Protein chains: 2
Amino acid sequence: MPGIVPAVVEVSGGNLVLVIVVGLIALGALVMAAMFRSEVLAAGEGTPNMKTIAQAVQEGADAYLQRQFRTLAIFAAVAFFALLALPADDATVRIFRSVFFLVGAGFSAAVGYFGMSLAVRANLRVAAAANTEGREPAMRIGLRTGATVGMLTVGLGLLGASLVVILFQDKAPKVLEGFGFGAALLAMFMRVGGGIFTKAADVGADLVGKVEQNIPEDDPRNAATIADNVGDNVGDCAGMAADLFESYAVTLVAALILGSQAFGDKGLVYPLLIPAIGALTAVAGVYFTTPKAGENGLVTINRAFYLSAGIAAIASVALSFVYLPTSFNDFTGLSSSALDAISTSTPDGNPALIASIAVVIGIVLAAAILALTGYYTGTEYRPVKDVGQTSLTGPATVILSGLSVGLESAVYTAIVLGGAVFGAFLLGTGSLSISLFAVALAGCGLLTTVGSIVAMDTFGPVSDNAQGVAEMSGDVSGEGAQILTELDAVGNTTKAITKGIAIATAVLAATALFGSYATSVLEELGPDDSGELLHAFVFDPSVLVGILLGSAVVFLFSGLAINAVGRAAGAVVMEVRRQFREIPGIMEGTGRPEYGKVVDIVTRDSLRELITPGVLAVFAPIAVGFGLGFTALAGFLAGAIGTGTLMAVFLANAGGAWDNAKKLVEDGLHGGKGSDAHAATVIGDTVGDPFKDTAGPAINPLIKVMNLVSLLIASAVVSMSVGEDQNDALRIVISLVAVAIIAAVVVMSKRRAVAIEA
Amino acid sequence: MPGIVPAVVEVSGGNLVLVIVVGLIALGALVMAAMFRSEVLAAGEGTPNMKTIAQAVQEGADAYLQRQFRTLAIFAAVAFFALLALPADDATVRIFRSVFFLVGAGFSAAVGYFGMSLAVRANLRVAAAANTEGREPAMRIGLRTGATVGMLTVGLGLLGASLVVILFQDKAPKVLEGFGFGAALLAMFMRVGGGIFTKAADVGADLVGKVEQNIPEDDPRNAATIADNVGDNVGDCAGMAADLFESYAVTLVAALILGSQAFGDKGLVYPLLIPAIGALTAVAGVYFTTPKAGENGLVTINRAFYLSAGIAAIASVALSFVYLPTSFNDFTGLSSSALDAISTSTPDGNPALIASIAVVIGIVLAAAILALTGYYTGTEYRPVKDVGQTSLTGPATVILSGLSVGLESAVYTAIVLGGAVFGAFLLGTGSLSISLFAVALAGCGLLTTVGSIVAMDTFGPVSDNAQGVAEMSGDVSGEGAQILTELDAVGNTTKAITKGIAIATAVLAATALFGSYATSVLEELGPDDSGELLHAFVFDPSVLVGILLGSAVVFLFSGLAINAVGRAAGAVVMEVRRQFREIPGIMEGTGRPEYGKVVDIVTRDSLRELITPGVLAVFAPIAVGFGLGFTALAGFLAGAIGTGTLMAVFLANAGGAWDNAKKLVEDGLHGGKGSDAHAATVIGDTVGDPFKDTAGPAINPLIKVMNLVSLLIASAVVSMSVGEDQNDALRIVISLVAVAIIAAVVVMSKRRAVAIEA
């Protein structure tokens, strides 16, 4: 296999200094995060009413996350020991892969936790500023909150990766597999759990409040309002931040695994330098995002994004030509056979040029996806207007047109993503290892924008909650209320468009991981076996069956997530109805609903519901790999990436389009609030809620967790399937146990559904 | 490549006699069809009112199909000459592949046309019999109509395939590629066009009639009712019959292509014998389906299905052991290298046993899919009951629960299908050609049930229309009306469950075709190239990009089909509203709506709308294959099969579940007709209409058309990409032209949408 030769590289001298500089930049990012955080906390907290409400949200959110972490600690412990038991190259890798699994999981949790705990403190400050100081100060607090979480994400991701490279040198890639897996696993659970929480509370609150009692959103008479606000934070804020942190970590992991094989020692350093540039430009971006009077908030945010992305692109190209040689012969640490392979296939290959183009592809991709998502979910473009228009013929046509928009947007996003992957791949001009590394580098290019993306995304729940706190407190009216409505709308859009980027990072990371899995299998097979075995692979129906199963897992996962929201929302509906019935005077405002009860119910249900999809993600690749073989597993991963990409974009954009179609009508189109058209779009929005905030975004960590699990079991799967250690009985038993575990949790979740109905 | 060696086989002596016998059985099936047809036509035609209405439906349906055939004739002519221009092994293949393309297309059209023209004559006879003679005679007419179409499908399919084998001997597989392509292309257009017609009329009629004017379904005051009834026939009847004929033909084509490589001359005969058994057992099944007094119609139909499937299984096994040897050494017509390859990998291989198991896998699969689809869409099981239950919390929860049911059912169906493919594949015990043939034989096993399946399916629109005719005529009440309601319900279920089988045949046929594509590429590459080239294939990101694009085409196609229904339905709504406004006395029954106008509008729109998805299906594989290479094209096909399977089942079953959830409520649950719960389920059903009757079923021919196009261009793609004739410029130009054509039709369809709105 040309170029797939284990590399022995060492990071020393100037390279070591550079990695240490990256580590320092990471620490700097953390310091910036702390600075931004104190700036936010220094702002005024508003009226006593606001404080009471915000307090309730804070307590609910804290309680949820603490219970979630307790549940996840069990999973993490099991995974820690399972990793320890997995065969590895040597004891160092074995032990530290497990240790850094915990570090990755811990960082992921920390990003989620700190991000959220600041967001729930920032919301009332934004509300207070809007009330007393005006638009720019309010927006500034929201933006600084986002910046804090962004810097935290970038800082911890870079810190973890550079630390591992410094400590473990050529063993770093293997240790990083653990780091990435920990980050991805925890992020997936936070995404799923938070996603179920936020939408169960939201849908449940709407079904009783808006539909049955005809009271507005965020009305304090609705017992589910606090839970709804808590949900915005645990889902959109904690879940999304953990997810993006995980994308960051996993993309770095994949790039470092593939880097040493393609670029020798420099391949272990270069993938850290690019995101380090991103960290610096993200800081610059924060200062570009100074709200100007009279300018639409979205314009401010977009300008900052494009400016910092442009600077990152220029700086990356410059750095590439400074740091990387222009000929492959100048690399050290590449084995002679690897060098041979590379120079045969790319005689005139210019590493600096290849890397520059790959990184720029990633940055351009980010901008393209941002534009595409904006087009399909923005109120000012055709698609959302069309969906709004169909509200005149009732809810069914709203649903159908939204689904169409989602399907169509998924296709164009997939084409853009496929183009980026294929473009990066062509850069290898025949050398597989360089091609794969180029794909990973496109991912690193995308990472340079993550700081800004997290900031934009966090702005969403903060401004949403600010409006909620203001409305519930009853203390904000007039201009202040108007400002908050505007900021909420901006936040809605940023939330929608950043989802596209999250998916793009997931696809590039997963593709690079898929390449790492491939490399791992080929290494394990050795040069003799691979030829014959891979022959059969191409048209082996087992690959097709793998693809079918990989696609099926995405469907099942989506179905489970949507179902979980439905079930949990049902419990909320029952509870809120009960409170309206049993607590006297709620509707008149003389009785106070028991908000905490609803928070407790949603907390309990979401934690219970996250288990099934989580187990599915971890055990499905084990079942397929050991049961059907490593070629079927390759098909499985490819099918999951392909269908997962489309499904994630479809769900996110259909949901976004419905949400904004509702906004259009609420802004007065087609009869405005209270019309039949409005009712139709509310139905569309409710359908879209679990699409865009639960199932869709959870697919990102799903495909990465499955790829990482496959990477971790790759050598065991191969050695049990072929060669001396072949052990068909054992591998089939392992597969059957995995199938049994999946079946057991699926059956349990069905039982639960039956029990709830009864 | 073990076993992939072009075989030179001849069908002579006893084998030739057998194929002639198969041809005679095919003719016998056609004679049976004629007999059943005259039995149907001999029945009484009912009251003058009924005749007038049925006449209008007949005229509308005829007019639509004639215009459709005129449009498609242009496509067929272009494809005919394009096929002539494609390189082929020799002049005979080149000419007759094109000729049999026309034969395949003609047969496909004939099955659709004759089936439909009988159905529109049978509907009023069923209504008349229900009115005057009672339940059993009415059901019998419906069943005989189905049997006619079933025998026609089986007869023409077998006739075409056996004729080609008799005439072209070892060149038969290549000629059959044309036959299959013709059948598939025409069926796809009929499926898409008919699907858009039926649902545009249905949704349009409901939106104005049920929702705005509050008049019942099939009310003669609604100008779209005749169009709605026409739609049932051109969609469910003509479209479905053509689709199943095409599945039949394409499965045979794939089996015959793969058969000679695995089983020598007997491999060109055996795949014809199994479906011939199916033709005989289908006739037996017709006589098993004698309705008994007091027995639920569905029980009668199911009993006949399982009985005839059981007999087919036993007969197939017996025939396999009589006809096939028990050792591979007894085959003639296999080249020595193929024999070597087979005997190395399966030294104790028993062809008779392998073939028996493969066929039985197919038959068991049919039964399993039938049961699974029945479970997910039947009113007596949990899933539909659950969807019905969610109607209490409004339309949004109905939509979400239906989507969940659809997603879940798709997963389990995919697992069963994947299991069947993998099981058949394992039968090859290491020989790829035998594995692929086993998959095709499982498809042949499935074919033995097609006669019954077509009959069950056709029963659906006939009983649906019988009720429509009766209701519009106003001449049927009391017991007669009740009988028709019962038969309609039975027909709804048979229509839903047969969709599952249609998808299963599509997947097996497509998988076998995928194998044929593989074989074709490997042959073209030759033994020297394949090793090195395929190396890169496995983990080549271009394969992943191919998978992504293959999945994307399925999403785009579904989105286009759903969108087309929405657009065409919008035009119907405008026209019906206009008639209510401008023609005086419609609501009072003194004015008569202009039914023909609506039929014209839907006809025009569906013919216009079918072009975009049709062009996409034909040109997408050309764009991918020539542009990104034959490995990317393999990924593309695999991705399309994987995602297509899941999407088709998802759309069909979600639609079926919503439809029957509405029935549950209409039967009195959760408040019954007129309640809020009913309104919620009507919305679900409307969303489900284009899912289950347009987009979902059209995916079956889509994946086969794409596989057949790939098979036809395989050698051109390979020779332009590698070797002496490599011509990158030409292949990229071809790809760009294909992309431009797709882009042009997509843009045109967008323009049309804008024009309609304006």
Side-chain angles (χ1 to χ4, degrees), chain A residues 1 207 211 393-397 399-401 403-404 407-408 410-411 414-415 418 421-422 425 432 435 439 511 514-515 518 531 534-539 541-545 547-549 551-552 555-556 558-559 562-563 566 573 628 634 638-639 641-643 645-646 650 683 686-687 690 757, chain B residues 1 207 211 389 393-397 399-401 403-404 407-408 410-411 414-415 418 421-422 425 432 435 439 511 514-515 518 531 534-539 541-545 547-549 551-552 555-556 558-559 562-563 566 573 628 634 638-639 641-643 645-646 650 683 686-687 690:
Chain A
M1 187 78 243
L207 284 177
V211 182
T393 39
T397 44
I399 300 292
L400 287 172
S401 59
L403 291 172
S404 279
L407 290 169
E408 192 184 302
V411 173
I415 291 174
V421 171
F422 199 75
F425 172 70
L432 184 61
S435 284
V439 173
T511 305
F514 177 70
L534 295 177
H535 249 145
F537 175 64
V538 188
F539 302 115
S542 77
V543 176
L544 193 67
V545 172
I547 290 174
L548 188 62
L549 294 177
S551 303
F555 272 64
L556 185 57
S558 309
I562 291 172
N563 234 330
V573 168
L628 310 183
I641 294 174
T643 305
T645 306
L646 285 153
F650 159 63
I683 291 168
T686 309
V687 171
E757 278 168 39
Chain B
M1 187 80 239
L207 283 178
V211 180
Q389 171 95 27
T393 38
T397 45
I399 301 292
L400 288 171
S401 59
L403 292 172
S404 280
L407 290 169
E408 190 183 304
V411 173
I415 291 175
V421 171
F422 199 75
F425 172 70
L432 184 61
S435 284
V439 172
T511 306
F514 177 70
L534 295 177
H535 251 143
F537 177 61
V538 189
F539 301 115
S542 77
V543 176
L544 195 67
V545 172
I547 291 174
L548 189 62
L549 294 177
S551 304
F555 272 64
L556 184 57
S558 308
I562 291 172
N563 233 331
V573 168
L628 311 182
I641 294 174
T643 305
T645 306
L646 284 152
F650 159 64
I683 291 168
T686 308
V687 171

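Small disclaimer: the values here were computed from a predicted structure and weren't measured.
- The side-chain heavy atoms of Leu646(B) and Thr643(A), taken from C-beta on, include no pair separated by under 4.5 Å.
- You'll find the side chain of Leu207(B) reaches within 4.5 Å of the side chain of Thr397(A), heavy atoms only.
- Contact annotation: the side chain of Leu548(A) approaches that of Thr645(B) to within less than 4.5 Å [non-hydrogen atoms, C-beta and beyond].
- Nearest approach of Ile683(A) to Pro395(B), heavy atoms of both residues: CD1-CG, 3.3 Å.
- Heavy atoms closer than 4.5 Å to chain A are found in the side chain of Leu549(B), but not in its backbone.
- The contact between Leu544(A) and chain B is made entirely by side chain atoms (from C-beta outward), counting heavy-atom distances below 4.5 Å.
- Note on Ala410(A), Ala638(A), Gly394(A): by heavy-atom pairs under 4.5 Å with chain B, the leading option is Ala638(A).
- The two residues Phe555(B) and Val411(A) make their nearest non-hydrogen contact at CB-CG2, 3.8 Å.
- Only the side chain of Leu403(A) comes within less than 4.5 Å of a heavy atom of chain B; its backbone N, CA, C and O stay farther away.
- Taking both residues in full, the closest heavy atoms of Ser551(B) and Gly642(A) are given as OG-C, 4.2 Å, listed atom of the first, atom of the second, then distance.
- Summarising the geometry of Ser404(B) relative to Gly559(A), their closest heavy-atom pair is OG-O, 3.6 Å, with the distance given to 0.1 Å.
- Across all their heavy atoms, Val687(A) and Leu400(B) have their closest contact at O-CD2, 3.5 Å.
- Of the inter-residue distances, the one linking Leu407(B) atom CG with Ile562(A) atom CD1 reads 5.5 Å to the nearest 0.5 angstrom.
- Options Val421(B), Thr511(B), Leu556(B), Thr686(B) differ in how many heavy-atom pairs under 4.5 Å they form with chain A, and the most are formed by Leu556(B).
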